[in-house]
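Okay, so here's the structure we're looking at.
Proteins come first, then strands; the chains are lettered A, B, ... in the order of their sequence lines, and each starts at number 1.
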2 protein chains.
Amino acid sequence: MGSSRRRGSELEQAILRAAVEELTESGYVGLTMDGVATRAGTNKNAIYRRWPSRATLALAAYRELIGADREPPDTGTLRGDVLELLRGANNHLSAPAVSGIVLGLLAAAADDPDLMAQLRDSIIDAGSGLWLTVLGRAVTRGEISEKALKPRVATVAIALLRNEYVTRGTSSVPDDILIEIIDDVYLPLLRSPR
Amino acid sequence: MGSSRRRGSELEQAILRAAVEELTESGYVGLTMDGVATRAGTNKNAIYRRWPSRATLALAAYRELIGADREPPDTGTLRGDVLELLRGANNHLSAPAVSGIVLGLLAAAADDPDLMAQLRDSIIDAGSGLWLTVLGRAVTRGEISEKALKPRVATVAIALLRNEYVTRGTSSVPDDILIEIIDDVYLPLLRSPR
DNA sequence: GAGATAGGGTACGTCGAGTACCTTAATCGT
DNA sequence: ACGATTAAGGTACTCGACGTACCCTATCTC
């Protein structure tokens, strides 16, 4: 009794959990293969048998960390909805060290097109459906033109938030900046003629 | 004859030049202290006597790489001016490996507030004066409201371009995307009432 | 129960950051 | 002009971390 050895997906999950913990505690730079192995109670062999490099493991852990999808808010007004969406994204990005993680991953994936493509999908498409839902309702209410559904336009708010993280590097964007983005840029843009 | 040993700023410039070359050839990840030392024909001591870490050296080299300021364009129309500015920024960011360099620096500076502040200044404020000049002229022409001079609004185009680099990770953003940013987002926003 | 499969343990090779220490050239003060 | 001080050159080292190799052992399958 006792000497049970984990195999397959059970071990895989344990490794991923350990990687997520390392990631949230110390960011991408602090995620080491030895560290994950130790924390998962295994060794590097088991990791390298599943992920070819530190970067791919970190990406897998990041996707795990992102976790479950949210539901589109429905506050009754367009402004309330988009503000709620932006706050949600901000909460997500400001979690322990997400912005640092993403930056690290981006830098690591810079010279690996395949990895970059996967990362792109994980970052960009996260929650883009929510925005389209909210904007779509506003269009059918006649509140804004359907031009607003163009991806380039619809994603402006989240792009500006992302930019805020990149350039400011703060751990959380204050609420009044979110409001500024919505009231000074996003809503005027959505409501602009043609 | 022959055995002249460089000192002071002469050596410093040689090191910086070497660092810039390493940076443009292999990005931030590829910049090694030994590499820079060898390329500059010196050794790591001389580098560490001037910059305390690889990250600070890379930042200094990046500033060197950015180089000279440009002049504001004057095409006669607001659209022509901002398009020209955006193309200029795109050319700059698409140079050899600038976007990778910036990402690497950002990731490295994530846990060093001081470095992050310097980097921020180098990235963000680069050329922000140009935009204000161009927008200011359009305001005095009565073409747009002075609300457009609010930083949050004025920087939207460059923020979206930056976002394009972060999320797409391409080495150069195609011109039709620049036009889309201008025509679908930036100009409608600048011209929107209140 | 024999053989294939996969995890565990451990020891490497390699590379790069940063440090230490000594030798040697250039500059400066007198 | 010449000794003292400053800074560059050379080299070797520690340390941490990625990635690999090899061999042992538990578990699953036929």
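Between B:Arg49 and D:dA8, a side-chain N or O to OP1/OP2 separation shorter than 4.0 Å is present. For B:Arg5, no side-chain nitrogen or oxygen approaches OP1 or OP2 of C:dA26 to under 4.0 Å.
If you measure from atom OH of B:Tyr28 to atom P of C:dG16, you get 14 Å, rounded to the nearest angstrom. If you take CZ of A:Arg54 and C1' of C:dC15, they are 14 Å apart, rounded to a whole angstrom. Rounding to whole angstrom units, NZ of residue A:Lys44 and C1' of D:dG16 are separated by 11 Å. One can place CZ of B:Arg39 at 14 Å from P of C:dG16, the figure rounded to the nearest angstrom. Rounded to an integer number of Å, the gap from B:Asn43 CG to C:dC21 P is 16 Å. Counting to the nearest Å, the C1' atom of C:dC12 and the CG atom of A:Asn45 are 12 Å from each other. Whole-Å rounding puts the A:Trp51 CH2 to D:dG19 C1' distance at 16 Å.
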Could you walk me through whether A:Lys147 and B:Asp184 pass the salt bridge (charged side-chain N to carboxylate O under 4.0 Å, His left out) check? CA-CA 9 Å; A:Lys147 288 262 182 188; B:Asp184 289 349; over 6 Å; no
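Note that CD of A:Glu143 is 8.5 Å distant from CG of A:Leu187, once rounded to the nearest 0.5 Å. Atom CG of residue B:Asp74 and atom CZ of residue B:Arg137 lie 4.0 Å apart, to the nearest 0.5 angstrom.
DNA chain C is contacted by both A:Thr42 and B:Tyr48; A:Thr42 maps to the nucleotide lying nearer its 5′ end (nearest heavy atom per residue).
Taking the ring centre of B:Tyr28 as origin, the terminal cationic atom of B:Arg54 falls inside the region bounded by 6.0 Å and 45° from the ring axis.
Within 4.0 Å of B:Gly8, counting heavy atoms only, lie sugar-phosphate atoms of the nucleic acid but no base atom. Contacts of A:Leu31 with the nucleic acid, taken as non-hydrogen atoms under 4.0 Å apart, involve only primed sugar atoms and P, OP1 or OP2. No contact: B:Ile47 has no heavy atom under 4.0 Å from any strand.
Residue B:Leu11 places its side chain closer to D:dG9 than to any other of D:dG9, C:dG16, C:dG8. Checking C:dG16, D:dC18, D:dG9 against every side-chain atom of B:Arg6, the shortest atom distance belongs to D:dG9. The A:Arg50 side chain lies nearest to C:dG7 when the options are C:dA17, C:dG7, C:dG18.
The base of C:dG16 does not come close enough to the side chain of B:Asp34 for any donor and acceptor atom to sit less than 3.5 Å apart.
Side-chain contact between A:Arg141 and A:Thr77 is absent, with no heavy-atom pair separated by less than 4.5 Å.
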